[in-house]
Amino acid sequence: FEEELTEEQKKIFGYDLFQKDNLTFAPNLNIPTPENYTLGPGDELVVDLWGATQMYNRLEISPEGTIRPDNLSPIYVNGLSVKDAEKKIIDRLGQINAGLVSNPPSIFYQVSLGNVRTVNVSVVGEVNQPGNYSLSSLSTVFTSLYAAGGPTEKGTFRKVQLVRNGRLEAIIDLYDFLINGIQDNNLLIKSGDVIIVRPYQSRVELDGEVKRPGYYEVLEGESFSELLDFAGGFKNTAYKALVTARRNGLKEREVVDVNASDFDTFQPQDGDIFQITPILDRYRNRVQIDGAVYREGEYELTPGLTLKQLIEKADGLRGDVFMNRA
């Protein structure tokens with residue numbers, strides 16, 4: 001995928017995140033059920049009893065949201081966590097298996113999630129392939145974005161919206177994951193969810209002596225220092241005392257100088273281009289000595305340094321030196 005990206009797309013920080021074959025955000029089905037997982041029609045519960053009585057049932061939740069173990073009336077589990085559903089099921093099974101609720105118990109149990117249901121989610125707005133997607137119920141917002149090809153060149157990476165039941169459920173900042181590895185807002189999706197990627201509001205360019213040059217999206221109130229952190233900071237060859245920004249004014253282009261003392265307060269604006277230049281390729285305090293000395297080369301020019309002292313720094317004169325002049 002990455003080879004097919006245009007030069008412009010490659011410069012957008014995070015754009016290739018959803019373009020890689022080996023980073024699909026596919027859910028891992030071989031893990032314990034997440035605590036915040038909500039049961040729904042199509043999920044399968046495995047009820048296992050052992051001890052004085054043995055029973056192994058795989059029970060699929062009906063469209064009405066119920067399961068029905070043998071010899072019992074339906075048990076409503078829709079919308080419950082696995083832990084809450086387990087308590088409800090065992091309380092009901094205890095009516096015909098007293099060993100489950102006796103003290104000490106003679107029947108032991110385990111309730112776990114078997115096969116998971118499929119949920120339908122809509123991904124709309126500035127994504128490469130908007131549409132409706134059927135995904136595993138253990139899928140997340142990131143999984144859905146990957147299925148839709150990720151945000152386009154115009155899409156926001158900082159304010160992805162998750163709308164549930166007509167209400168804004170969460171705003172996801174993809175930079176949290178890209179820079180800090182944080183997935184706190186990467187919520188599990190539910191059927192009927194809508195993920196909206198609106199156009200970005202403010203994007204700037206960092207060019208020159210930074211570790212990750214490219215386009216970065218900035219939110220209102222973020223400073224140049226935070227922008228610099230997104231780009232991994234200055235290279236060691238960067239001129240750090242002053243950064244020049246080219247900005248779009250109302251009628252014409254402007255140049256803005258940003259001093260190092262203003263990095264924490266200067267707020268980038270949409271369209272800014274920051275040019276970080278290299279330090280000068282010259283030396284402030286260098287002196288060179290060549291010829292009939294033992295150690296030719298460069299030395300520090302210290303206050304009051306004499307020619308004799310410089311020769312001593314170079315380990316003195318060789319035997320074949322011409323002493324009349326230097």
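Here the structure is a predicted model, which is why all the values come from computation and not from measurement.
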Verify same cluster id: F108, I96 (apolar side-chain graph, 4.5 Å): no

Closest contact, heavy atoms only, V116 versus S136: CG2-OG, 3.7 Å

Apart from V46 itself, residues in the same hydrophobic cluster as defined by side-chain heavy atoms under 4.5 Å: Y56

Salt bridge (Lys or Arg N to Asp or Glu O under 4.0 Å): pairs with one or both residues in residues 263-281, sequence neighbours excluded: R247-D272

Identified side chain to side chain contact (heavy atoms under 4.5 Å, CB included) partner of V160 from the options L174, D173, V127: L174

Least distance between heavy atoms, I171 atom then K159 atom: CG2-CA, 3.7 Å

Neighbour count above 12 (heavy atom, 6.0 Å) for N180 CG: yes

Heavy-atom closest contact (R295 atom, Y299 atom, distance): O-OH, 2.8 Å

Set of residues satisfying salt bridge (Lys or Arg N to Asp or Glu O under 4.0 Å) with respect to E7, sequence neighbours excluded: K10

Contact list for residues 89-112, test salt bridge (Lys or Arg N to Asp or Glu O under 4.0 Å), sequence neighbours left out: K87-D91

Greater than 12 external heavy atoms within 6.0 Å of D290's CG: yes

Contact check, side chains of V121 and V194, non-hydrogen atoms, under 4.5 Å: no

Within 6.0 Å of OH in Y109, more than 12 heavy atoms from elsewhere: no

E217 and T156: side chain donor to acceptor below 3.5 Å: yes

Distance-only polar pair, side chains of Q9 and E153, donor-acceptor under 3.5 Å: yes

Heavy atoms from other residues, nucleotides or ligands near CD of Q201 exceed 12 (cutoff 6.0 Å): no

Side-chain donor-acceptor pair present, S139, Y133, cut-off under 3.5 Å: no

Derivation and outcome, side-chain contact (heavy atoms from CB on, under 4.5 Å), residues L49 and L100: CA-CA 9 Å; L49 306 184; L100 277 170; 4.1 Å; yes

ILVMFWY network linking V124 to I195, side-chain heavy atoms under 4.5 angstrom: no

Residue list, side-chain contact (heavy atoms from CB on, under 4.5 Å) with K308, at least two apart or on another chain: T306, E312

Taking every non-hydrogen atom, the tightest pair across S137 and L188: O-CD2, 4.3 Å

Check: Y146 side chain, K20 main-chain N or O, donor-acceptor pair, under 3.5 Å: yes

Sequence-distant partners of D257, side-chain contact (heavy atoms from CB on, under 4.5 Å), two or more places apart: L242, T244, V255

Verdict with supporting geometry, V119 and K190, side-chain contact (heavy atoms from CB on, under 4.5 Å): CA-CA 6 Å; V119 297; K190 295 184 178 180; 5.8 Å; no

Closest approach of T265 to S223 (non-hydrogen atoms, all atoms of both residues): N-CB, 4.4 Å

Sidechain N-carboxylate O distance under 4.0 Å for K88, D84: no

Residue list, salt bridge (Lys or Arg N to Asp or Glu O under 4.0 Å) with R167, at least two apart or on another chain: none

Residues which pass ring-ring contact (aromatic ring centres under 6.0 Å, His included) with Y216, listed by chain and number, not counting sequence neighbours: F13

Residues that F25 engages under ring-ring contact (aromatic ring centres under 6.0 Å, His included), provided they are two or more places apart: F18, F142, F177

Heavy-atom donor-acceptor pair, E209 side chain to A238 backbone, under 3.5 Å: no

Pairing residues for P74 by the side-chain contact (heavy atoms from CB on, under 4.5 Å) criterion, not counting sequence neighbours: T66, R68

Within one Ile-Leu-Val-Met-Phe-Trp-Tyr cluster: L80 and I90, side-chain cutoff 4.5 Å: yes

Steps toward side-chain contact (heavy atoms from CB on, under 4.5 Å) verdict (D43, L45): CA-CA 7 Å; D43 280 333; L45 285 172; 6.0 Å; no

Trace of the side-chain contact (heavy atoms from CB on, under 4.5 Å) decision for D207 with I276: CA-CA 6 Å; D207 192 26; I276 291 84; over 6 Å; no

Residues K11 and E205 bridged, charged N to O under 4.0 Å: yes

Main-chain N/O of G149 paired to N128 side chain as donor or acceptor, under 3.5 Å: yes

Contacts of K211 that satisfy salt bridge (Lys or Arg N to Asp or Glu O under 4.0 Å) - sequence neighbours left out: none

Hphob cluster co-occupancy, I12 + I179, side-chain heavy atoms under 4.5 angstrom: yes

Partners passing side-chain contact (heavy atoms from CB on, under 4.5 Å) against E126 (at least two apart in sequence or in another chain): T152, K154, V197, P199

Considering all heavy atoms, the nearest P69-L93 contact: CB-CD2, 4.2 Å

Over 12 non-hydrogen atoms of neighbours within 6.0 angstrom of CD in E220: no

Option from F274, Y175, F224, F157 for which ring pair (Phe, Tyr, Trp, His ring centres under 6.0 Å) with F230 holds: Y175

